[in-house]
Protein chains: 2
Amino acid sequence: MEERKKGLTIYDLAEELKLSPSTVSRALNDHHSIGKKTKKAVKKLAKERGYRPNAIASSLRTNRSNTIGILVSWINRPFISSLISGIEKEARAKGYQAIISQSHDSTELEIDNLQALYDSRISALIVSLAMGTTDYSHFDLFKDSDIPVVFVDRIPDMLNINKVQINNFNAAFEATEHLIEQGCKRVAHFGGASHQSIYKDRMLGYVAALKKNNLEVDEAIILNANSLSEEEGTRLTEYVLNMDNPPDGIFCANDKAAVSAIQYAKKRGIKIPEELAIIGFNNDPICEIIDPPLSSVHHPAQEMGKAAVQKALSMIEQNGTSETNNRVILDTHLVIRASSKRK
Amino acid sequence: MEERKKGLTIYDLAEELKLSPSTVSRALNDHHSIGKKTKKAVKKLAKERGYRPNAIASSLRTNRSNTIGILVSWINRPFISSLISGIEKEARAKGYQAIISQSHDSTELEIDNLQALYDSRISALIVSLAMGTTDYSHFDLFKDSDIPVVFVDRIPDMLNINKVQINNFNAAFEATEHLIEQGCKRVAHFGGASHQSIYKDRMLGYVAALKKNNLEVDEAIILNANSLSEEEGTRLTEYVLNMDNPPDGIFCANDKAAVSAIQYAKKRGIKIPEELAIIGFNNDPICEIIDPPLSSVHHPAQEMGKAAVQKALSMIEQNGTSETNNRVILDTHLVIRASSKRK
DNA sequence: CAAGAACACGCAATCGATTGCGTGTAATTT
DNA sequence: AAATTACACGCAATCGATTGCGTGTTCTTG
């Protein structure tokens, strides 16, 4: 068995079986117009010879690449890598390949990568935007070509696009209210770039929770960082703790910065959660490692990837059909740990 | 500008310019036999019309897909996601796409994914094996087709294959000796599946360090886990701490299990590093989060990805040429933190 | 000034699988 | 038994870019 595989085509099989390539192709694809015995014979030989279809040739002819493009900022971040894991799993289960690309949070690179993905004639695209992207015209290429684009996580603030998201407002509201329930009277917020709707919504949810509970909304302790990195977390924490009227709670829009907030506060001898309660966002693995363990909002990364693929594939199928429901919203829930639990 | 992009081909451009498709193709590719003015005119129109080459058609004709396949166990692990990040970056810089697939540590799924990647006619393959894979015949498909395969991280224990690796023996030796230098007299080892050479080498390096320092090699505290998970880390730590003669140091073959060792030992009231010094492997981000911070072996994940791509591309270029140096070994170094620092 | 070189471009085949249409044979119907 | 219908398969075009070979034009040189 398995004689040669290099360049083995349906023509070779056809010749050996004294059949035409069309018949071989149809037999392999279980076309109804091919006889049962013929199908069996073709498949048998194909297996013996180790025949493998050339997906490239098939793609060219059928104009379907069965490929899903993924564009994210960085692959090696806990949330993103889980998202991609979910995408890959679902895509492969449906017979699609997953092509990845990283923008490194640069809009310029984002554009370059989009070109390359388009050149590959991907069947659909799943995107989490670069942090600085505010103009979305580089996605027109896909719109014009009827290639479905599904936005996840960091999504444009527009209507009429497909998006899979969580309810950031509610999640932030719950997280903030949780801090308030634990007795916090003055809660600070560390957010991301406010032009990104996920960060804006988290901020708005935070504000709404304060208002509902009749707490003052003080802009002085609503701080946005372009990248919520460790350094930023430390810097912002230092900043608020040096205030005359420091906060007694922090709602941070990601876990990375929240962890460095804990580390810095501990270094200052501040007791967590008694003097400063902290809650993060994403529920990264580090939440359970840090001491005290960090409360957070569980973000269903893998499920989000799966939902994005399903959305993309359904778009491909009903290509062009007026799609009413272009939003998928997934549930989050609070994971309360010691960093915020006073009672 | 940018009128229609859907299905715009070189034929369309050719017609508009009263040229032949061949000339358009050559002009776009800067072929020497095309006049300067013609090239300029073609490129100008291509840009105006938003022409984008169809990579699929090109691949079929040239028999080069410019695609690198990646096969790993799980994408959402710190080491792996950094590895992939490095692969993607280097691949894209060289004009290649990166297709990912996950084996979920199942040999069966590994085989399925390999088929799919082969069907896509990837130009090269970069693999980190599933934990349980011991037979490698499913890679013959690629060998027979002259598709370069580069193994990284978890690699087969064979000669005549391309591999990019670190010196696991040395790294483990240094890590173990470090513990001994810190005063440990009885060092345990938590390792992975011993048929995987990286784990075997780490174990051998550990043993060599003990012998060199005239310490007893006690098989009772050399423990292998199929997956070095949090649970396993806890279980193994509990096991050794309950011994009549518990260890005063642990060299763990990954960070995840080392972290849970710390957590469990702390829960038992054991002082780290005074009573139990611990060092891990990989230098994952969690090392700096855990308290006390975990010493570890820095594993150059991104660089490993980059090196793997370079190796793969060089194989593609000198296709078939006898390749003498089929191993690339990258440097590691110890990152000493509080979990092992007694002096 | 003639001949060879350099230049500029087109023709048509090719990569491998798919598919609309057509043809011949066997099975079924009235 | 003649006429439909179903069945089984082949021909040739097609997807879009690439490329070996050939042709006509312009330039250089002895």
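Chain identifiers are assigned alphabetically (A, B, ...) following the order of the sequence lines, protein sequences preceding nucleic acid strands; residue numbering begins at 1 within each chain.
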J.: Using a cut-off of 4.0 Å on non-hydrogen atoms, how would the nucleic acid contact of B/Ser33 be classed: base, sugar-phosphate, or nothing?
T.: base

J.: Closest nucleotide of DNA chain C for B/Leu60 versus for B/Lys37: which of these residues is on the 5' side?
T.: B/Lys37

J.: How would you label the contact of A/Leu19 with the nucleic acid (heavy atoms, under 4.0 Å): base, sugar-phosphate, or nothing?
T.: sugar-phosphate

J.: Can A/Leu117 and A/Asp119 be said to form a side chain to side chain contact (heavy atoms under 4.5 Å, CB included), step by step?
T.: CA-CA 5 Å; A/Leu117 290 174; A/Asp119 293 352; over 6 Å; no

J.: Do A/Glu110 and A/Leu71 have side chains that approach each other closer than 4.5 Å (heavy atoms only, starting at C-beta)?
T.: yes

J.: Is any side-chain N of the basic residue among A/Asp105 and A/Arg154 closer than 4.0 Å to the acidic one's carboxylate O?
T.: yes

J.: So is A/Arg121 actually on top of A/Tyr118's ring, under 6.0 Å and inside 45° of the axis?
T.: yes

J.: For A/Ser22, answer base if it contacts any base atom (sugar-phosphate contacts may also be present), sugar-phosphate if it contacts only those atoms, and nothing otherwise; contact means non-hydrogen atoms under 4.0 Å.
T.: base

J.: Base, sugar-phosphate alone, or nothing: which one does B/Ser59 contact when heavy atoms must sit under 4.0 Å apart?
T.: nothing

J.: Reading DNA chain C 5' to 3', what string of ( ), [ ], | and . shows its pairs, if Watson-Crick and G-U wobble pairs count only when both distances fall under 3.5 Å?
T.: ||||||||||||||||||||||||||||||

J.: Sub-3.5 Å donor-acceptor pair from the side chain of B/Ser120 to the main-chain atoms of B/Ala116, do we have one?
T.: yes

J.: Send over the distance from A/Ile34 CD1 to D/dA6 P, rounded to a whole Å.
T.: 17 Å

J.: Kindly say whether the aromatic ring centers of B/Phe151 and B/Phe139 come within a distance under 6.0 Å.
T.: yes

J.: On DNA chain D, check which nucleotide each of B/Ala57 and B/Thr23 is closest to and give me the residue with the more 5' one.
T.: B/Ala57

J.: Can you confirm whether B/Lys163 is buried at NZ, in the sense that more than 12 heavy atoms of other residues, nucleotides or ligands lie under 6.0 Å from that atom?
T.: yes

J.: Checking all strands, does B/Ser25 fall into the base, sugar-phosphate, or nothing category for heavy-atom contacts under 4.0 angstrom?
T.: base

J.: Do you see a donor-acceptor pair shorter than 3.5 Å between the side chains of B/Ser65 and B/Ser123?
T.: yes

J.: Rounded to the nearest 0.5 Å, how far apart are CD of B/Gln115 and OG of B/Ser101?
T.: 12.0 Å

J.: Nearest nucleotide by nearest heavy atom, which residue falls closer to the 5' end of DNA chain C, B/Lys18 or B/Asn63?
T.: B/Lys18

J.: Going 5' to 3' along DNA chain C, between which two nucleotides do contacts with chain A fall, using a heavy-atom cut-off of 4.0 Å?
T.: C/dG16 to C/dC21

